[in-house]
Amino acid sequence: MFLSPDDRPAHPSPEPRPGGLPALLVSLQLTDSAFPSGFYTLSHGLEGYAQARAVTPDTLPELLADLLRHGVGPSDATALALAHRAVLAGDADTVVRVDRRLYAGKLSREVRQAATRTGRQLLDLAAEVFGQPAIAAHLRLVRERRTPGCQAVAAGIVQAAAGVPVEQAVAGDLFAFSASFAGAALRLRLTDHRKAQVLLRGAAPVIEETVRAALARPEADLGSTAFGADIMSGRHERAEARLFMS
């Protein structure tokens, strides 16, 4: 369902900004663990795997690679790229359509809640930090409940509006996901600080591969195929004790 021309808020193209160092600084700020995006509350399914004893310190790299390739890559990373391009084109309909489709593909309640809570938090803070019309316009739609406000779409909007090139935006968000996963592994005692850095470095080629795939993927193919992670998330929702919200 598209917004009518009369009530559709404009997503004006952001003011032309150079990439390079200014864009890098934006990416560093958005992916820094000190940025209050809410990622620290998420394990990205890892706690569910740990509770089921389906992951060990030795299999962490394989699980992260699978989640990147088959979970977050085809869904969130692809949605980010699509939203980023739509913002630059001034296409509000596509931004909303991608947001709704991404939300519909998140099968478990906790994953949907995590995506929209972090998305709304990102939009709310970014509207103040960057002051770009496209961010404020989408935040207004979210507050009016006309679109879900998933984190990946919010990240695409914010980074497009702040002048970050789409490839860098997708890579930055995937790295933030991986760093959050590694942080969750630390808190779940599946790794230590040194091995967490080895985990992140080892994920770099997979992140590069996932970025390329996300940039080439059409909207029709948007959606996760990480069904094992969906099952673990469903079990995690019913766990008696949880350290993370997902």
Side-chain angles (χ1 to χ4, degrees), residues 31 33 37-81 102-103 105-115 117-119 150-152 155 170-215 217 221-246:
T31 58
S33 59
S37 63
F39 260 30
Y40 68 91
T41 66
L42 311 179
S43 81
H44 309 288
L46 182 57
E47 187 172 27
Y49 279 91
Q51 290 170 340
R53 298 186 179 181
V55 64
T56 68
D58 291 336
T59 60
L60 268 178
E62 295 176 31
L63 178 57
L64 176 56
D66 281 349
L67 291 174
L68 287 168
R69 287 189 177 113
H70 307 296
V72 67
S75 58
D76 291 59
T78 300
L80 191 157
L102 178 63
Y103 181 81
K106 294 185 180 296
L107 302 184
S108 71
R109 175 180 53 83
E110 68 174 22
V111 171
R112 291 194 298 271
Q113 288 181 343
R117 286 180 184 176
T118 55
C150 293
Q151 182 275 336
V170 176
D173 210 60
L174 287 173
F175 179 82
F177 172 90
S178 302
S180 179
F181 179 93
L186 274 170
R187 293 168 67 185
L188 291 167
R189 298 185 179 182
L190 288 167
T191 190
D192 58 34
H193 289 279
R194 296 175 69 91
K195 290 179 181 177
Q197 293 306 311
V198 174
L199 174 68
L200 286 175
R201 182 57 193 158
V206 183
I207 291 175
E208 292 180 25
E209 172 194 328
T210 305
V211 169
R212 289 193 295 270
L215 293 175
R217 190 174 289 111
D221 291 338
L222 172 64
S224 169
T225 56
F227 303 120
D230 293 331
I231 292 170
M232 292 301 175
S233 177
R235 291 178 177 176
H236 185 257
E237 287 183 7
R238 298 187 295 276
E240 292 183 3
R242 295 183 294 173
L243 183 61
F244 298 92
M245 69 178 290
S246 77

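By convention here, the first residue in the shown sequence is residue 1. What you see is a predicted model, and the numbers here were worked out from it, not measured in a lab.
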Practice task
Can you sort out the partners of Arg212 under salt bridge (Lys or Arg N to Asp or Glu O under 4.0 Å), two or more places apart, ordered by chain and number?
Solution key: none
If every non-hydrogen atom of [X] is compared with every non-hydrogen atom of [Y], which pair is closest and at what distance?
X      : Y      : value
Leu199 : Ala182 : CD2-CB, 4.1 Å
Glu209 : Arg69  : OE2-NE, 2.9 Å
Ala50  : Leu190 : CB-CD1, 4.3 Å
Arg112 : Leu107 : NH1-O, 3.0 Å
Ala214 : Val170 : CB-CG1, 4.3 Å
Ala185 : Leu60  : CB-CD1, 3.9 Å

Let me confirm one number: the [atom1]-[atom2] distance from [X] to [Y], rounded to the nearest 0.5 Å.
X      : Y      : atom1 : atom2 : answer
Glu110 : Arg117 : CD    : CZ    : 10.5 Å
Ser178 : Arg201 : OG    : CZ    : 12.5 Å
Thr56  : Tyr49  : OG1   : OH    : 13.0 Å
Leu200 : Thr191 : CG    : OG1   : 9.5 Å
Asp221 : Thr78  : CG    : OG1   : 8.5 Å

Given 3.5 Å as the limit, does a donor-acceptor pair link the side chain of [X] with the main chain of [Y], or not?
X      : Y      : value
Arg217 : Ala81  : no
Ser75  : Leu222 : no
Thr59  : Glu62  : no

Exercise for the section: Start with the C-alpha distance between Lys195 and Asp58, add both sets of side-chain angles, then the distance that settles salt bridge (Lys or Arg N to Asp or Glu O under 4.0 Å), and finish with yes or no. Expected result: CA-CA 11 Å; Lys195 290 179 181 177; Asp58 291 336; over 6 Å; no
Problem - Phe177: which of Thr31, Ile207, Leu64, Thr210 passes side chain to side chain contact (heavy atoms under 4.5 Å, CB included) - result: Leu64
Practice task
Would you indicate whether the side-chain heavy atoms of Gln151 and Asp173 approach each other to under 4.5 Å?
Solution key: yes
Exercise for the section: Please examine the side chains of Leu68 and Leu174, heavy atoms only from C-beta on, and report whether any two atoms are closer than 4.5 Å. Expected result: yes
